[in-house]
Amino acid sequence: MAQPEAQSGTTATENPSPYQSKLYVPQASSRPGEAADFSDLKIPAAGDTGKPALDCTATEISELAYGLVRVLDDEGQATGPWAPALKPEQLRQGLKHMMHVRAYDERMFRMQRQGKLSFYMKCTGEEAIAVSQAMALESGDMLFPTYRQQGLLFVRGRPVVDMMCHCISNSKDNLKGRQMPVFYSWKEGNYFSISGNLATQYSQAVGWAMASAYKGEDHLACAWVGDGSTAEADVYHALLFASTYRAPAILNVVNNQWAISTPQSFAAAGSTFAARGTGFSIPSLRVDGNDFLAVYAATQWAAERARLGLGATFIEHFTYRTEGHSTSDNPDGYRAKGEGQAWPLGDPIERLKQHLINLGEWSQEQHEALAIELKDSVTADWKQAISYGTLDEGPHWPVETVFDDVFKDMPAHLRKQRQKMGV
Amino acid sequence: MAQPEAQSGTTATENPSPYQSKLYVPQASSRPGEAADFSDLKIPAAGDTGKPALDCTATEISELAYGLVRVLDDEGQATGPWAPALKPEQLRQGLKHMMHVRAYDERMFRMQRQGKLSFYMKCTGEEAIAVSQAMALESGDMLFPTYRQQGLLFVRGRPVVDMMCHCISNSKDNLKGRQMPVFYSWKEGNYFSISGNLATQYSQAVGWAMASAYKGEDHLACAWVGDGSTAEADVYHALLFASTYRAPAILNVVNNQWAISTPQSFAAAGSTFAARGTGFSIPSLRVDGNDFLAVYAATQWAAERARLGLGATFIEHFTYRTEGHSTSDNPDGYRAKGEGQAWPLGDPIERLKQHLINLGEWSQEQHEALAIELKDSVTADWKQAISYGTLDEGPHWPVETVFDDVFKDMPAHLRKQRQKMGV
Amino acid sequence: MAKMTMVQAINSALDCTMKKDPNVLVMGQDVGYFGGVFRCTEGLYEKYGSHRALDTPIAEGGIMAAAIGMGVNGLRPVVEMQFADYIYPAIDQIISELARLRHRSGGEFFAPVTVRAPSGGGIRGGQTHSQSPEGIFTHVCGLKTVMPSNPYDAKGLLIAAIEDDDPVMFFEPKRIYNGPFYGHGSDSHGGENKVITSWSAHPAGEVPEEYYKIELGKAATVMPGDDVTVLAYGTMVHVAEAAIKASGINAELIDLRTLLPLDLETVAESVQKTGRCVIIHEATRTSGYGAELVAEVQEECFWCLKAPIERVTGWDTPYPHAFEWEYFPSRERIIEALERTLACD
Amino acid sequence: MAKMTMVQAINSALDCTMKKDPNVLVMGQDVGYFGGVFRCTEGLYEKYGSHRALDTPIAEGGIMAAAIGMGVNGLRPVVEMQFADYIYPAIDQIISELARLRHRSGGEFFAPVTVRAPSGGGIRGGQTHSQSPEGIFTHVCGLKTVMPSNPYDAKGLLIAAIEDDDPVMFFEPKRIYNGPFYGHGSDSHGGENKVITSWSAHPAGEVPEEYYKIELGKAATVMPGDDVTVLAYGTMVHVAEAAIKASGINAELIDLRTLLPLDLETVAESVQKTGRCVIIHEATRTSGYGAELVAEVQEECFWCLKAPIERVTGWDTPYPHAFEWEYFPSRERIIEALERTLACD
Ligand SMILES: Cc1ncc(C[n+]2csc(CCOP(=O)(O)OP(=O)(O)O)c2C)c(N)n1
Ligand SMILES: Cc1ncc(C[n+]2csc(CCOP(=O)(O)OP(=O)(O)O)c2C)c(N)n1
Ligand SMILES: [Mg+2]
Ligand SMILES: [Mg+2]
């Protein structure tokens with residue numbers, strides 16, 4: 001892949017520097033006032049990419065790190081060697097999960113705007129990744145997500161009420177009021193505690209996978225990181241340790257092209273993210289992240305490799321962050337307003353819906369009815385959740401429980417501090 | 001490049017674990033008692049590798065990251081497109097520097113064994129890298145070395161006596177008795193202060209290069225790291241920042257195949273080190289590190305790229321650490337005794353000597369005379385150095401100078417502590 | 001003079017130094033085009049260009065290393081860490097390299113880097129957007145550590161930090177970026193604590209638009225008093241002030257401003273007068289900077305002390321999302337400590 | 001019972017726990033085939049195989065992350081950091097992850113990782129092989145911090161650390177790996193300080209070969225005394241002992257052994273008796289763990305104190321290669337502090 005064309009990044013209008021800077025500064029795909037334009041993107045046709053043998057080497061398939069595995073074409077037809085053998089029932093299940101996630105996100109975002117949550121993050125446009133991957137994995141596989149893989153919880157069956165209770169830190173919050181919204185943890189579902197620190201858990205996932213191999217078990221670890229977060233050292237360590245010890249892990253990069261206001265060009269090193277895996281001898285794929293079927297197939301392939309003892313797989317999911325980073329920012333301040341519309345890979349829900357309709361397994365009417373059903377169910381869940389307490393009014397966990405779990409057993413100095421709290 | 005063959009690394013003789021571990025653990029090239037064997041190594045013939053255009057992309061030359069740029073063949077003939085246009089005088093100069101480094105190392109190592117130094121590290125077998133690279137660079141280029149590039153100092157003309165004075169922390173040590181031996185610093189020679197912390201300066205070099213571009217200057221930064229140290233996060237950051245901002249930098253990996261007792265297989269991720277650069281869009285070369293001419297040519301090529309604003313180059317120098325890691329270890333404890341002899345790329349001094357003799361520009365007699373001259377000169381330097389003080393007996397810098405340079409101006413609390421020292 | 005929030009004052013400090021010295025640049029995540037998640041670098045990109053308001057990858061360690069290299073090459077980088085909680089990936093570069101460079105090179109090299117980091121709690125950021133790690137940096141020789149408590153100081157101290165040839169850790173108490181915080185009702189969740197007080201009503205919200213410096217290493221006496229010395233910095237200065245006023249106690253309140261080097265003279269003089277000392281910080285208690293203050297004060301003023309020196313601090317727990325007002329050293333806890341201290345004779 | 005050096009005692013602790021629990025493994029740079037640069041893991045590779053005496057790449061942050069992941073998956077990794085000076089690249093994983101995991105997950109997840117790190121000076125290692133960073137970790141809630149001063153304690157404490165379900169930072173004072181150090185002559189360079197004293201002559205060099213534990217969080221009274229309490233840990237316990245003996249002062253010497261949780265009961269009881277306290281550590285002074293000790297002691301024992309609490313510490317400078325004996329808190333400096341303290345009335 002060629003380097004992006006050399007452009008000086010300066011836009012200074014009033015630069016008093018005596019220096020003639022030659023520093024290159026990357027550009028954004030678009031900024032406000034510009035026309036969003038993805039026409040330079042080379043997007044291979046669905047079905048065009050070959051499916052390599054499970055025991056391929058990274059260099060043998062290095063082209064796949066620069067391409068794009070796609071199954072669903074623009075008309076919603078599944079095509080090519082990667083098309084997974086999924087039953088209509090499974091496809092409908094996937095569609096339902098994605099729609100459920102979207103309904104949940106919309107509700108929670110609105111509740112944040114009404115002051116009921118301190119913060120919220122949606123995954124709009126990226127639902128296929130978490131939902132499809134969770135469906136392709138086994139329940140004993142350990143998930144190390146970021147804050148944008150809420151879909152995993154829906155597939156693994158976490159009660160929505162419990163997720164909400166966490167987000168409003170109420171008396172039923174399994175995290176006891178300690179974490180910001182969306183930093184879920186769910187041991188029962190093998191869903192690891194999310195950290196506010198980006199990328200730190202990516203390399204922990206590899207350690208988890210090494211332990212699985214150490215114990216002779218078949219479980220794999222699956223971890224996610226955003227495009228921007230790939231710059232963190234933990235990603236390097238994850239790749240290196242996964243390669244060195246051939247850990248049974250799936251390492252995903254969710255390239256939604258933005259990291260708050262920073263475009264992927266600051267993290268992508270003029271290449272694809274997947275390309276970074278090849279130098280570590282880790283077979284690396286680049287996948288249409290808005291294509292439920294392609295994500296499923298790639299994950300299944302990677303999981304099989306892991307279970308056969310063939311080591312880790314690195315997967316870049318190419319997608320687009322349709323909305324703001326979180327409730328704290330307005331994307332219109334840093335990218336062209338129409339960029340989301342210009343994005344050519346579409347919406348994952350629409351694409352899977354069309355596929356199911358093509359198969360004769362779904363209809364517009366069913367779709368609309370399901371959307372209403374899910375919206376109502378989320379509304380009912382919310383009502384139930386706030387019946388266990390709200391962020392501002394409580395009830396919360398008793399405040400003195402903040403001293404619990406710092407250590408397994410509370411040492412004397414914390415007992416003393418708890419007393420001083422006077423509750 | 002194919003992955004190394006899968007072998008379970010366990011050698012347990014008495015493992016009470018109930019687990020059937022499936023963890024892969026890398027192997028060493030050899031361990032004591034085994035026969036050293038490099039016959040699996042694919043070494044291309046000298047002259048076989050093409051020389052790409054300066055403005056090539058990383059992916060266009062990705063093969064070079066798996067190959068080996070070689071100029072000097074086994075008979076000492078220079079061949080192929082990489083052969084640099086060096087005058088005999090320059091070649092003799094290079095040879096002399098390498099021999100000087102070796103004489104210096106031998107002397108200092110012996111002095112450590114006699115208790116005159118607290119510690120020492122040789123670069124035996126790796127002299128070509130630092131010497132040849134320094135000769136290919138300009139004096140305004142900034143060097144960010146590790147402890148094994150003492151050759152840079154010889155080329156840049158640092159008085160040997162000064163280096164010795166540092167190593168014995170005496171009254172003429174420019175580092176005022178603060179640093180362990182071999183952690184040189186020499187501002188005048190644009191030789192950055194070496195850190196005991198591995199790899200930390202690799203990414204600083206990129207920042208230095210970014211500043212050079214920011215100021216519109218033509219100086220580049222040249223940094224080194226060992227094979228083992230490539231595992232540190234700083235190397236990732238260096239590659240990423242160098243790529244993102246197209247910094248005028250040369251990033252070198254000195255792959256001498258050992259990191260204390262740990263073989264390169266723990267850091268190499270089943271691939272070459274150079275291969276890691278390609279995923280960052282940084283043109284990456286793998287070079288015969290024991291071939292003075294190949295190292296020179298690769299460095300010159302990289303320097304030209306940097307000065308043309310084409311960004312960084314990543315160079316793996318394939319070499320072999322002939323001796324122990326430092327004065328603190330005995331390599332016979334962790335690798336086959338004959339491994340150094342089995343290493344097929346020879347000795348850099350011998351190879352350049354042969355080349356000069358082939359050219360009719362050098363003779364065995366001249367060589368022997370020079371060796372004696374350099375040995376004597378180092379001996380004289382040592383005598384002079386210890387006349388300024390020894391580690392155990394002094395004179396050192398006044399002990400209270402330890403409080404200087406913590407800050408630019410000494411704050412009150414340090415003045416108070418200095419008083420308490422009572423000197 | 002203008003009315004400025006602390007965000008604006010910081011922005012103005014950056015603007016003044018960038019205007020004055022072409023070697024100054026700001027760098028960090030989202031600091032360029034976007035102007036920073038807290039808006040501290042707003043407008044600098046438009047004014048000075050993408051090279052001097054430099055967006056970076058999300059790699060605190062890489063950013064710090066790049067800044068050090070730039071500093072060695074003659075620039076004065078001002079690094080923004082998006083949250084102080086995210087300094088840790090950069091801490092090796094800070095401790096092992098930035099802090100040590102001048103000393104280990106015998107004075108040959110140095111890197112005049114300033115690290116700005118929004119710190120402290122009070123914005124419902126939970127444990128990873130609320131930390132106060134300043135104590136750690138005061139243990140590292142070779143670093144200066146600063147935390148302003150108001151817009152006027154923030155600007156003057158930041159300019160001094162940037163122009164200082166030593167590396168400076170500059171912690172910005174984000175709870176008071178946009179207005180002072182007086183520790184409203186630690187027991188009410190929805191109510192009083194949401195009151196936003198504005199800097200425009202505060203005298204230190206008056207900030208000159210032009211360049212000025214406040215010398216590092218000098219504390220400020222916020223309220224004179226005779227019976228007890230209260231040492232605080234950052235957000236806690238205002239909570240302490242409110243507590244003192246509410247208690248009616250004749251306390252002397254000192255805003256340390258610079259933690260290292262500490263203005264021990266001002267502190268000791270006060271405690272010698274009052275004979276009592278209460279220390280307040282948000283950071284966790286054990287081995288926090290308060291411990292160092294206790295150690296120094298008791299060493300300097302032992303013979304005048306009429307009561308044990310008290311520390312009112314954050315608890316030794318991670319910072320909890322739902323319970324920040326119980327975590328914050330509250331007016332109530334401060335008043336209790338003052339009263340306990342005064343009760344000693 | 002056998003005669004063991006501290007290196008052998010540590011090795012024996014690892015051997016005992018690995019034998020007992022297949023989930024225990026050691027990992028780190030050069031710990032496998034080679035047996036560790038200080039030989040602490042010697043023989044474990046031969047005995048337990050390359051999977052349980054696991055060599056790693058040189059990436060402290062990666063090692064720590066892998067260990068956390070393993071810990072979450074049921075293993076008990078014992079990580080060796082080759083030198084405590086090289087912990088910093090791993091500190092984000094330690095502070096943001098290892099220490100916080102149990103709390104932030106509401107008790108759902110934890111990682112029982114032990115981090116072993118040779119620390120302190122005295123082997124002419126210069127500034128990057130001599131640091132004592134323990135104070136930093138005592139400021140991080142969720143971590144336990146331990147530093148033994150002799151072979152017997154090292155083994156018992158290490159076994160307790162490995163079996164503890166909380167993460168433990170286990171600092172090993174490398175100066176006394178092979179024999180105690182009594183702070184010989186701070187003014188002679190070549191002479192007395194090179195004297196190697198052997199553990200075999202020391203009572204704590206008698207170490208059972210079998211499994212035993214010493215409870216974390218309990219200090220040990222090394223010498224009873226009435227006139228002044230001396231608090232020390234690691235190498236400094238022996239220097240303090242030598243200083244006390246040389247001075248003839250009737251001091252009570254307490255070896256803290258565990259810094260967090262601190263055995264405040266033992267400490268306070270002693271200071272209540274003696275009314276005086278001198279604290280000794282090698283680490284830099286400002287915001288070192290000594291500050292926390294001062295703060296706690298003066299809070300607990302204020303009314304009994306007859307003199308300011310003194311700290312005898314390393315200077316606030318990087319650790320210098322050529323001047324380590326002047327950097328070390330010497331017998332002379334300790335004696336002066338003791339005498340100054342006793343002179344107060
Ligand atoms: C170590 C660290 N640095 C900075 C941040 C602040 N931060 C939170 S999200 C974010 C952007 C992440 O972007 P990306 O990785 O692309 O993920 P996305 O939000 O797009 O899913 C930043 C900078 C953080 N949480 N942790
Ligand atoms: C951050 C850090 N970790 C560990 C060490 C200890 N150490 C010093 S040299 C070394 C091996 C380095 O090997 P390599 O990078 O291959 O360089 P070489 O010695 O072969 O030139 C190690 C582990 C260190 N100095 N710094
Ligand atoms: Mg993103
Ligand atoms: Mg090496």
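We name chains A, B, ... by the order of the sequence lines, and we start the count at 1 in each one. What you see is a predicted model; the values in this text were computed from it and never measured.
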On a heavy-atom basis, which atom in D:G125 and which in B:M180 lie closest, and how many Å separate them?
O-SD, 2.8 Å
No-hydrogen, no-angle side-chain donor-acceptor test under 3.5 Å, D:D30 and B:T262:
yes
Is it the case that over 12 heavy atoms from other parts of the model lie below 6.0 angstrom from the CD atom of B:Q20?
no
To the closest 0.5 Å, what do you measure between CZ (D:R52) and CG (B:L23)?
12.5 Å
Contacts of type salt bridge (charged side-chain N to carboxylate O under 4.0 Å, His left out), residue D:R340, not counting sequence neighbours:
D:E310
Exercise: do D:N23 and B:Y19 side chains pair donor with acceptor under 3.5 Å
yes
Classify the angle between the aromatic ring planes of B:F183 and D:H129 as parallel (below 30°), tilted (30 to 60°) or perpendicular (above 60°).
parallel
With a 4.5 angstrom heavy-atom cut-off, which part of D:L54 approaches chain B: side chain, backbone, both or neither?
side chain
Which atoms of B:P263 approach chain D - backbone, side chain, both or neither, heavy atom under 4.5 Å
neither
I need the B:M421 CE to D:R333 CZ distance, nearest 0.5 Å.
7.5 Å
Residues of residues 279-291 of chain D contacting chain B, heavy-atom criterion under 4.5 Å, by residue number:
D:R285, D:T286
Only pairs of heavy atoms separated by less than 4.5 Å count here; which of B:V399, B:V406, B:L414 has the most with chain D?
B:V399
Chain D contact via B:L198 - side chain, backbone, both or neither, heavy atoms under 4.5 Å
side chain
When heavy-atom pairs shorter than 4.5 Å are enumerated against chain D, which of B:F407, B:F266, B:F119 gives the highest number?
B:F266
In Å and rounded to the nearest 0.5 Å, what is the CZ to CG distance from D:R124 to B:L391?
4.0 Å
Can you tell me how far apart NZ (B:K420) and OG1 (D:T313) are? Round to the nearest 0.5 Å.
8.0 Å
Relative to chain B, which segment of D:Y327 carries a heavy atom at a distance below 4.5 Å: side chain, backbone, both, or neither?
neither
Among residues 32-41 of chain D, residues within the sub-4.5 Å heavy-atom range of chain B, in order of number, are D:Y33, D:F34, D:V37
Partners meeting salt bridge (charged side-chain N to carboxylate O under 4.0 Å, His left out) with B:D37 (sequence neighbours left out):
none
Report which part of D:D85 has an atom under 4.5 Å of a heavy atom belonging to chain B: side chain, backbone, both, or neither.
backbone
At a 4.5 Å cut-off on heavy atoms, which part of B:A233 comes close to chain D: side chain, backbone, both, or neither?
neither
Residue pair B:V402 / D:P318: nearest heavy atoms and the distance that separates them:
CG2-O, 4.4 Å
Which is it for D:E60 and B:E232 under the side chain to side chain contact (heavy atoms under 4.5 Å, CB included) test, yes or no, and what are the steps along the way?
CA-CA 8 Å; D:E60 291 76 10; B:E232 292 287 5; 2.5 Å; yes
Once you round to the nearest 0.5 Å, how far does OG1 of B:T230 lie from CD1 of D:I58?
8.0 Å
Side chains of B:I260 and D:Q29: does their closest heavy-atom pair fall under 4.5 Å?
no
Out of curiosity, B:R178 CZ to D:T317 OG1, how far, rounded to the nearest 0.5 Å?
8.5 Å
Return the minimal non-hydrogen interatomic distance between B:A231 and D:A59, and the atom names on each side.
O-CB, 3.3 Å
D:H321 versus B:P181, closest heavy-atom pair with distance
NE2-CD, 3.6 Å
Would you call D:D316 and B:K416 a salt bridge, using N to O less than 4.0 angstrom?
no
Given the options D:Y88, D:F83, D:Y319, D:Y86, which has more heavy-atom pairs under 4.5 Å with chain B than any of the others?
D:Y86
